[in-house]
Amino acid sequence: MNSNKKAAKLVGVLFILAAVTAVIGLLLYDPILNGPDYLIKGSEHANQVIWGALMELILVASAVGTATTMFPILRKYNETIALWHVCFRFLEAIIITIGVISVLSLLTLSREFVAAGAQDTASFQASGTVLKAIHDWTFMLGPLFMLGINTMMYSYIFYKTKLVPKFISILGMTGATLVFICALLVMFGVIEQVSFWGGILAVPVAANEMILAVWLIVKGFNPSALASLSAKKGSA
């Protein structure tokens, strides 16, 4: 039981850490991802951009950590879904990492642009456009598309097992559906990811993660639900 409490607290801390580092990383990336003079600003704010990359790498580790820590508990109800959750969370982490690499590559391009004295601007701009596009697509596929799938899987198991209060599970499944719809709308160019509607559709899943995190840290998983799962696993 103590190990389950520790696991719950760890998952809660990792959810919060992932959310905080994701926001900080995006803010730190601002000089190199936004504005027409990003090839100059990126080099001028190189350390800031690198710190942003480090924040996203912490996000990657946190995302993987939530999945692997929850796996022994989720598998007691449905091992297949629990394994899918781990695999898709790893895939989400890989996609985010590709985005980090694209930003760091863009930083290298910015440094080369400044060192070259702004010669052959068109070539640098073309390369910069490609690297920014890679980041934009990973930013959509990881934190939206894959997040929707992952959240739906663990929220479904939480709902069926009552490991956490049902209102949290329902909020999770609702948020997962909305953020997945948001990903599709962004993919087809209906809305922008960083926009009013993009933000509205992403709010429920963000709220779910924070409410779930606080609940797990303070209350942990439902002891009676854990006992029921252990009994079911033992009799299988």
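Remember, predicted model here, so these are calculated numbers, not experimental data.
Here the side chains of V164 and Y159 are not in contact, with every heavy-atom distance at 4.5 Å or above. Proximity of V190 to W197: side-chain heavy atoms (C-beta onward) are nowhere separated by under 4.5 Å. Within the 4.5 Å cutoff, no side-chain heavy atoms of T138 are placed close to those of T97. Side-chain contact check for R75 versus L83: every heavy-atom pair is 4.5 Å or farther apart. Within the 4.5 Å cutoff, side-chain heavy atoms of C182 are placed close to those of V186. By the 4.5 Å heavy-atom criterion applied to side chains, F145 and L184 are counted as neighbours. Proximity of L201 to V179: side-chain heavy atoms (C-beta onward) are nowhere separated by under 4.5 Å. You'll find the side chain of L33 reaches within 4.5 Å of the side chain of H135, heavy atoms only.
Going from atom CE of M70 over to atom CZ of F158 covers 5.0 Å, rounded to the nearest 0.5 Å. The CD atom of E56 sits 8.0 Å away from the CZ atom of F139 when rounded to the nearest 0.5 Å. Rounding to the nearest 0.5 angstrom, the gap separating the OG1 atom in T66 from the CG atom in L212 is 10.0 Å. Put simply, OG on S127 and CG on L109 are 5.5 Å apart, with the number rounded to the nearest 0.5 Å. Note: I168 CD1 to L163 CG = 11.0 Å, rounded to the nearest 0.5 Å. To the nearest 0.5 Å, atoms CG (L39) and CD1 (I32) are separated by 8.0 Å.
Relative ring orientation between F15 and Y154 is described as tilted, the plane-to-plane angle lying within the 30° to 60° band. The aromatic rings of W215 and F167 sit perpendicular to each other, their planes meeting at more than 60°, with 30° as the lower class boundary.
Minimum heavy-atom separation, A53 to V100: CB-CG1, 3.8 Å. The nearest pair of heavy atoms linking V11 to T69 is CG2-CG2, 3.6 Å. The two residues G142 and I96 come nearest to each other via the heavy atoms CA-CG1, 4.5 Å. Annotation for G172 and S155: closest pair CA-OG, 3.4 Å, computed over non-hydrogen atoms. For the residue pair L59 and A22, the shortest heavy atom distance occurs at CD2-CB, 3.9 Å. The minimum heavy-atom distance between G42 and L107, with the atom names listed, is O-CD1, 3.4 Å.
Checked options L28, V49, I50; the residue passing with V103 is V49 (criterion: side chain to side chain contact (heavy atoms under 4.5 Å, CB included)).
Without hydrogens or angle criteria, S102 side chain to G99 main chain gives a donor-acceptor distance under 3.5 Å. Without hydrogens or angle criteria, T151 side chain to G148 main chain gives no donor-acceptor distance under 3.5 Å. Panel note: side chain S105, backbone I101; a donor-acceptor pair is recorded below 3.5 Å. In this structure, T21 contributes its side chain and L17 its backbone to a donor-acceptor pair below 3.5 Å. Looking only at distances, no side-chain donor or acceptor of S110 sits under 3.5 Å from a matching main-chain atom of L106. Listed for the N78 side chain is a donor-acceptor partner under 3.5 Å among the backbone atoms of I81. Within the 3.5 Å criterion, the main-chain N or O of R111 finds no donor-acceptor partner in the side chain of S43.
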Worked check of side-chain contact (heavy atoms from CB on, under 4.5 Å) between N150 and H85 | CA-CA 6 Å; N150 291 324; H85 177 248; 4.0 Å; yes
Evaluate side-chain contact (heavy atoms from CB on, under 4.5 Å) for W137 paired with M187, printing each intermediate quantity in order.
-> CA-CA 8 Å; W137 280 108; M187 188 179 296; 4.0 Å; yes
Please walk me through it: do L185 and F180 pass side-chain contact (heavy atoms from CB on, under 4.5 Å)?
-> CA-CA 9 Å; L185 293 176; F180 188 79; over 6 Å; no
Begin with the C-alpha distance, continue with both residues' side-chain angles, and end with the deciding distance and a verdict on side-chain contact (heavy atoms from CB on, under 4.5 Å) for M146 and I95.
-> CA-CA 9 Å; M146 291 298 170; I95 291 171; 3.9 Å; yes
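Taken together through direct or relayed side-chain contacts under 4.5 Å among Ile, Leu, Val, Met, Phe, Trp and Tyr, I181 and V194 form parts of separate hydrophobic clusters. F196 is connected to L144 through a chain of hydrophobic side-chain contacts under 4.5 Å among Ile, Leu, Val, Met, Phe, Trp and Tyr, so both are in one cluster. Hydrophobic clustering (side-chain heavy atoms under 4.5 Å, transitive across Ile, Leu, Val, Met, Phe, Trp, Tyr) groups I40 together with L104. L74 and F71 fall into different hydrophobic clusters, defined by Ile, Leu, Val, Met, Phe, Trp and Tyr side-chain heavy atoms under 4.5 Å apart, directly or through other members. Side-chain heavy atoms closer than 4.5 Å link hydrophobic residues (I, L, V, M, F, W, Y) into clusters, and following such links, possibly through other members, connects M210 to M55.
Under a cutoff of 6.0 Å and an axis angle of 45°, K5 and F221 do not form a cation-pi pair. Seen from the ring of Y77, K160 does not count as a face-on cation partner, given the 6.0 Å and 45° thresholds.
No more than 12 heavy atoms of other residues, nucleotides or ligands lie within 6.0 Å of NZ in K162, so this atom counts as exposed by the packing criterion. For CD of E44, the number of neighbouring non-hydrogen atoms (other residues, nucleotides, ligands) closer than 6.0 Å is greater than 12.
Within the structure, every pair that satisfies the salt bridge (Lys or Arg N to Asp or Glu O under 4.0 Å) test and touches residues 80-101, not counting sequence neighbours, is listed here: R89-E92.
No donor-acceptor contact under 3.5 angstrom links the side chains of Y29 and Q48, judged on distance only.
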